[in-house]
Amino acid sequence: MELVTAPWDHSALRDINVQFEHASPREILLWGQETFGDDLIMATGFGPSGIVLMDFVSKIQPQIPILYLDTDLLFPETHTLRRELEERLGLSFQRHATELSLKAQEATYGPKLWKRNPDQCCLMRKVRPLQEALKNKRAWITGIRRDHSKARAHIQVVEWDDPYGVVKLNPLAYWGNDEVWSYIQLNDLPYNILHDEGYPSIGCVPCTRSVPPGESMRAGRWRGREKLECGIHKPVGSKHSEAAE
Ligand code: SF4
């Protein structure tokens, strides 16, 4: 495939996405590495899609760094899974986190900020650390998919991620939930045991609930609120708001 370099105008992205609509994650990852070299990084929240992508990365480009955002509020099961993935796939993860401890957050913003102003809490504990991690990169890889939610229904395989000023690769954009879980089972990959207890999507402890059968995959995130996203995956063309700080 022809190499495309910045500037990433709309027509260049459109052409790439037409070519990638039926491409395998392997092809997309190889293109990413060829195009961005050391300026490419993957981010994961250790969900099922991320596990599939990490398996691809470990087999074809284990040198791609993989970052995770440690909010200090992740489930212990998520940390266990990270250690299992390190051992099983030979990956080493980069931890990125705010310097603001939970104690300092409480002292400054009051107790349980996630209940009163989850956007501000996510901005400080997730979005800002990710911005810092992507500062010297040209592209990042994510596991988001079109079937995750309405808000993600129109994502492209390759996008210009304006809030971070980098290209975003979503190699599993067109995969479905069954396809992801078949891949995990077929390759005997570890996954978060909370998925077997009714948690289809897992984030921070205070903002994640189990979901009754039949509800959407992300229905347990910030349950009872209008909030659907932590803010790290903004729609194309939007900017991060400073108002929540
Ligand atoms: S998911 Fe909840 S606890 Fe985690 S950073 Fe966002 S608001 Fe805070």
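Atoms within a ligand are numbered from 1 in the order they appear, just like the ligands themselves. Residue numbers start at 1 and run along the sequence shown.
- In this structure, M54 is a member of the same hydrophobic cluster as F36, with clusters built from ILVMFWY side-chain heavy atoms closer than 4.5 Å.
- Using modelled atom types and a 3.5 Å distance limit, the side chains of D55 and Y183 yield a donor-acceptor pair.
- Side-chain contact, S49 with R145: a donor N or O sits under 3.5 Å from an acceptor N or O.
- Y68 and F93 have perpendicular rings, their planes meeting at more than 60° on a 0 to 90° scale where under 30° would count as parallel.
- Counting only protein atoms, the N, O or S atoms lying less than 2.8 Å from atom 6 (Fe) of ligand 1 are C122 SG, ordered by chain and residue number.
- Heavy-atom minimum distance, H195 versus P48: NE2-CD, 3.6 Å.
- Within the 4.5 Å cutoff, no side-chain heavy atoms of F56 are placed close to those of P171.
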